[in-house]
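What follows is a short report on a single structure.
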Amino acid sequence: MANDPQPASGIGTRLVALMGHPVAHSLSPRMQNAAFAARALDWVYVSCDVEPDDLAEAVRGLASLGFAGANVTAPHKLAAARLVDAEVRSVNTIVFRDGRAEGSSTDAAILDGLAAANPAIIGDGGSATAFVQALPGARQFARRGTWPPDVNGADLVINATSARDEVLVELEPGQTLIELPYPDTATAVAARAAGATVIGGLEVLVAQGAAAFELWTGMSAPVEVMRAAVGLSSEP
């Protein structure tokens, strides 16, 4: 949770932005606005399509306009980490507080409670970087490096790519796949058919979104409301 909770009332509507390119497909606005309403917060979450060359100006603009915070999505996460106060190499969450832009990553929040003795990560973008930091020693595969991915012996595989129609790896029962894209990619469909456990992209979205909500507001996230907003059933 945030150390300094943002006031829920008394200063007018608070704004939070999603910065990416593109962003029209994102379910984050629906999810976060439902969460703000559930906590009776006068807050609004808006999408902002930001070209890569305009990112620095956009971050400064949000701070100047009094935004409470922001989410950062592809392709800006690595660049954002260089523009704000951050101790991580990839930033997906910004809190504007006391004249500072504080960056962090909640991308790997889905790992909470998951054991991984031999993880493997597919991808080398901002989200993949966040998982690499969260899972020191994980094997990493990317088209610009080691390819194709070899996940033999991996108990946990993270698909942090944007590939939708190509089956990147073939998994087996006993292996778990964390998918970042949503809806399911061909890799996830094949993994489920093979008997592997699949944690879908919407689950990842809710986990990182709930962690970001708490950083902005200082309040516990209404996880069940957020799940329902993106079409997920109640937690088991």
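The figures that follow rest on heavy atoms only: side chains count, while hydrogens, waters and symmetry mates do not. Since the structure is predicted, the reported quantities are computational estimates derived from the model, not experimental observations.
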If you take all heavy atoms of Asn71 and Ala212, which pair is closest and at what distance?
ND2-CB, 3.8 Å

Test of understanding: clusters of I, L, V, M, F, W, Y form through side-chain heavy atoms closer than 4.5 Å, transitively. Do Leu78 and Val72 belong to the same one?
no

Set of side-chain hydrogen bond (donor to acceptor under 3.5 Å, both in side chains) partners for Thr13, sequence neighbours left out:
Asp42

Mind checking side-chain hydrogen bond (donor to acceptor under 3.5 Å, both in side chains) for Thr161 and listing every partner two or more places apart, or none if nothing turns up?
Asn159

How close do Ser104 and Leu215 get, heavy atom to heavy atom, and via which atoms?
OG-CD1, 3.5 Å

Is it the case that the side chain of Asn92 and the backbone of Thr106 share a donor-acceptor pair, with hydrogens and angles ignored and the cut-off at 3.5 Å?
yes

Under the rule for side-chain hydrogen bond (donor to acceptor under 3.5 Å, both in side chains), what residues qualify as partners of Asn118, not counting sequence neighbours?
none

Ignoring hydrogens and angles, tell me if any N or O in the side chain of Tyr45 forms a donor-acceptor pair with the backbone of Ala35 under 3.5 Å.
no

For Glu179 and Thr187, test the side chains for any donor-to-acceptor distance below 3.5 angstrom and give the result as yes or no.
no

Would a hydrophobic clustering, with Ile, Leu, Val, Met, Phe, Trp and Tyr connected at side-chain separations under 4.5 Å, put Val23 with Phe213?
yes

Could you work out, with ring-ring contact (aromatic ring centres under 6.0 Å, His included) as the rule, every residue matching Phe131, not counting sequence neighbours?
none

Tracing side-chain links under 4.5 Å among I, L, V, M, F, W and Y, which residues wind up in one group with Val189?
none

With Ala128, which residues qualify under side chain to side chain contact (heavy atoms under 4.5 Å, CB included), at least two apart?
Ile121, Gln140, Ala160

Kindly indicate, with the supporting measurements, whether the criterion side chain to side chain contact (heavy atoms under 4.5 Å, CB included) is fulfilled by Thr146 and Arg139.
CA-CA 10 Å; Thr146 303; Arg139 290 181 285 162; over 6 Å; no

Among residues two or more places apart or on two chains, list those pairs meeting side chain to side chain donor-acceptor pair (under 3.5 Å) that have a residue in residues 162-177.
Arg143-Glu166

Quick check: is Ile199 connected to Val157 through a chain of hydrophobic side chains (ILVMFWY, heavy atoms under 4.5 Å apart)?
no

Atom of Asp150, atom of Phe141 and distance for their closest heavy-atom approach:
O-CZ, 3.2 Å

What's the shortest heavy-atom distance between Val88 and Ser105, and which atoms?
CG2-N, 4.2 Å

Calculate, to the nearest 0.5 Å, the distance between atoms CG and CG belonging to Leu156 and Leu171 respectively.
10.0 Å

Between Arg14 (side chain only) and Leu41 (backbone N and O only), is there a donor and an acceptor less than 3.5 Å apart?
no

Please, which pairs that meet side chain to side chain donor-acceptor pair (under 3.5 Å) have at least one residue in residues 80-91, sequence neighbours excluded?
Asp85-Arg100

Please check: side-chain N/O of Asn33 versus main-chain N/O of Pro29, any donor-acceptor pairing under 3.5 Å?
yes

Among residues at least two apart in sequence or on other chains, which ones pass salt bridge (Lys or Arg N to Asp or Glu O under 4.0 Å) with Glu203?
Arg227

Value for CG (Asp184) from CZ (Arg192), rounded to nearest 0.5 Å, stands at 4.0 Å

Connecting only ILVMFWY residues whose side-chain heavy atoms lie within less than 4.5 Å of each other, what is the rest of Val225's hydrophobic cluster?
none

Heavy-atom pair of closest approach, residues Pro119 and Asp155:
N-OD1, 3.7 Å

Is Ile158 linked to Leu168 within one hydrophobic cluster, defined over Ile, Leu, Val, Met, Phe, Trp and Tyr using a side-chain heavy-atom separation of less than 4.5 Å?
no

Under a single-linkage rule joining Ile, Leu, Val, Met, Phe, Trp and Tyr whose side-chain heavy atoms are separated by less than 4.5 Å, which residues share a cluster with Val167?
none

Would you please name every residue forming a side-chain hydrogen bond (donor to acceptor under 3.5 Å, both in side chains) with Ser127, sequence neighbours left out?
Lys77

